[in-house]
Asker: 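The following block contains the structure, expressed as structure tokens.
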Amino acid sequence: ELYRGYVKLDIKFTDWLKVVLNGDMNRTYTKREKKTFATENSDYRGAEYTLRNSQKLQYRLNAMVTANRQFGDFNVGAYVGAETFDEKHSFHYSQTNNGLRLPGIYELSNSVNPATTDAMAKNNTKRINTVFGAIQADWKGQVFMEVTGRNDWSSTLRYSDGSGNVSYFYPSVNASW
């Protein structure tokens, strides 16, 4: 099963100021079954039933404000925004143990020995929060200047003991004539 959604909202306050809000969601659910027939005639050794379920949920939310103005010979533009991304996983895996008691009945309760199970409940496996912005200016469409910055905070940079630098910054400055 796959479910996807996307929403976008553009709000124009003036001819020079605009806000854009958007978000998307992606949910995937998979179920897999494996049925293995017995490999020997005298008993049901080798027969096996396996069940795997997994779920993945991702969402992203974004907000950005943009402005563009003309001041005589100067054109100035800027934007500032924020974004969050979150991804969660869960899974369940079960398997019969040492064959099936009755042939052709593929259920975990039909395992010769107690079935084995492994599972992981939903947890935040990845989250990134971001802020970003830029300002651009030009003079008579001939001389250009731009300054940008972006900072991300990522859960994947944290060590298992909770330490680690989870923040990284991307600055830039550009000029041309």
Side-chain angles (χ1 to χ4, degrees), residues 1-11 19-66 79-134 148-172:
E1 297 175 21
L2 174 65
Y3 302 97
R4 296 190 72 132
Y6 179 77
V7 175
K8 182 176 181 180
L9 179 62
D10 283 324
I11 305 168
V19 173
V20 177
L21 305 169
N22 62 56
D24 62 78
M25 184 271 308
N26 183 15
R27 181 185 175 273
T28 307
Y29 180 78
T30 57
K31 179 181 178 181
R32 295 186 179 127
E33 289 183 288
K34 178 181 173 188
K35 298 175 181 179
T36 305
F37 294 108
T39 55
E40 302 194 16
N41 293 331
S42 60
D43 58 25
Y44 309 118
R45 279 185 290 185
E48 179 182 76
Y49 177 64
T50 304
L51 179 64
R52 298 173 193 239
N53 295 319
S54 67
Q55 181 174 311
K56 181 176 171 180
L57 174 64
Q58 295 177 320
Y59 72 84
R60 180 182 318 267
L61 302 171
N62 186 303
M64 186 166 62
V65 178
T66 60
Y79 64 85
V80 63
E83 180 176 272
T84 187
F85 171 81
D86 191 71
E87 184 176 274
K88 298 176 184 180
H89 293 272
S90 64
F91 75 89
H92 177 264
Y93 173 82
S94 295
Q95 174 179 343
T96 56
N97 186 359
N98 203 28
L100 299 175
R101 287 184 287 157
L102 300 170
I105 299 176
Y106 293 96
E107 296 177 6
L108 294 171
S109 60
N110 191 31
S111 182
V112 172
N113 295 328
T116 59
T117 297
D118 187 17
M120 178 183 75
K122 286 183 184 175
N123 66 345
N124 289 336
T125 56
K126 185 176 186 180
R127 174 174 280 167
I128 300 173
N129 293 317
T130 302
V131 292
F132 53 90
T148 69
R150 175 184 174 112
N151 202 99
D152 291 334
W153 292 269
S154 176
S155 65
T156 60
L157 298 177
R158 182 166 279 135
Y159 296 110
S160 60
D161 68 0
S163 68
N165 183 10
V166 299
S167 174
Y168 38 105
F169 180 63
Y170 307 97
S172 71

Asker: Could you grab the distance from atom CD of Glu107 to atom CG of Leu51, nearest 0.5 Å is fine?
Answerer: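 Those atoms lie 11.5 Å apart.
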Asker: In Å, rounded to the nearest 0.5 Å, how long is the span from OG1 of Thr148 to CZ of Phe132?
Answerer: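 Here the interatomic distance stands at 11.5 Å.
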Asker: What's the spacing between Asp24 CG and Gln58 CD if we round to 0.5 Å?
Answerer: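 Going from the CG atom of Asp24 to the CD atom of Gln58 covers 8.5 Å.
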Asker: Taking C-beta and beyond as the side chain, do Gln95 and Tyr93 meet within less than 4.5 Å on heavy atoms?
Answerer: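 Yes; the side chains approach each other to less than 4.5 Å.
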Asker: Please name all residues satisfying side chain to side chain donor-acceptor pair (under 3.5 Å) with Thr116, sequence neighbours left out, ordered by chain then number.
Answerer: none
Asker: Applying side chain to side chain donor-acceptor pair (under 3.5 Å), can you list everything that pairs with Tyr168, at least two apart in sequence or on another chain?
Answerer: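 Once residues adjacent in sequence are excluded, Tyr168 has no partner under the side chain to side chain donor-acceptor pair (under 3.5 Å) criterion.
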Asker: Under 4.5 Å between any side-chain heavy atoms of Leu9 and Val7, yes or no?
Answerer: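 Not touching, per the 4.5 Å side-chain cut-off.
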Asker: Below 4.5 Å, heavy atoms only, C-beta onward: do Met25 and Leu57 meet side chain to side chain?
Answerer: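 A side-chain contact under 4.5 Å exists here.
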Asker: Measuring from atom OG1 of Thr130 to atom CZ of Arg150, what distance do you get when rounded to the nearest 0.5 angstrom?
Answerer: 4.5 Å
Asker: Tell me, please, which residues at least two apart from Arg52 pass side chain to side chain donor-acceptor pair (under 3.5 Å).
Answerer: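 Expected list: none.
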Asker: Check the pair Glu87 / Phe85 against side chain to side chain contact (heavy atoms under 4.5 Å, CB included), numbers first and verdict last.
Answerer: CA-CA 7 Å; Glu87 184 176 274; Phe85 171 81; 3.9 Å; yes
Asker: Okay, side chain of Ser111, backbone of Asn97: is any donor-acceptor separation there less than 3.5 Å?
Answerer: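 A pair under 3.5 Å: yes.
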Asker: For a quick test of reading the model, state the closest non-hydrogen atom pair linking Thr117 to His92 and the distance between them.
Answerer: CG2-NE2, 3.4 Å
Asker: Which residue, Lys56, Glu1, Lys88, forms the side chain to side chain contact (heavy atoms under 4.5 Å, CB included) with Arg27?
Answerer: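 Of all the options given, the one that passes is Glu1.
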Asker: Applying side chain to side chain donor-acceptor pair (under 3.5 Å), can you list everything that pairs with Tyr6, at least two apart in sequence or on another chain?
Answerer: none
Asker: What is the distance from atom OG1 of Thr84 to atom CD1 of Ile128, rounded to the nearest 0.5 Å?
Answerer: 9.0 Å
Asker: Grab the two heavy atoms, one from Asn110 and one from Leu102, that are nearest each other, plus how far apart they are.
Answerer: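 Taking Asn110 first and Leu102 second, the nearest heavy atoms are ND2-O, 2.8 Å.
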Asker: Less than 4.5 Å apart, any side-chain heavy atom of Leu21 and any of Leu61?
Answerer: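 No, too far: nothing below the 4.5 Å cut-off.
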Asker: Looking at residues at least two apart in the chain, or sitting in another chain, which of them share a side chain to side chain contact (heavy atoms under 4.5 Å, CB included) with Val131?
Answerer: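 Side chain to side chain contact (heavy atoms under 4.5 Å, CB included) list for Val131, sorted by chain: Ala82, Asn151, Trp153.
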Asker: Working to the nearest 0.5 angstrom, can you tell me the gap between Leu108 CG and Thr96 OG1?
Answerer: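 The OG1 atom of Thr96 is 7.0 Å from CG of Leu108, to the nearest 0.5 Å.
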Asker: Under 3.5 Å, sequence neighbours excluded: what are the donor-acceptor pairs made by side chains of residues 31-38?
Answerer:
| unit_1 | atom_1 | unit_2 | atom_2 | d |
| --- | --- | --- | --- | --- |
| Glu33 | OE2 | Tyr49 | OH | 2.3 |

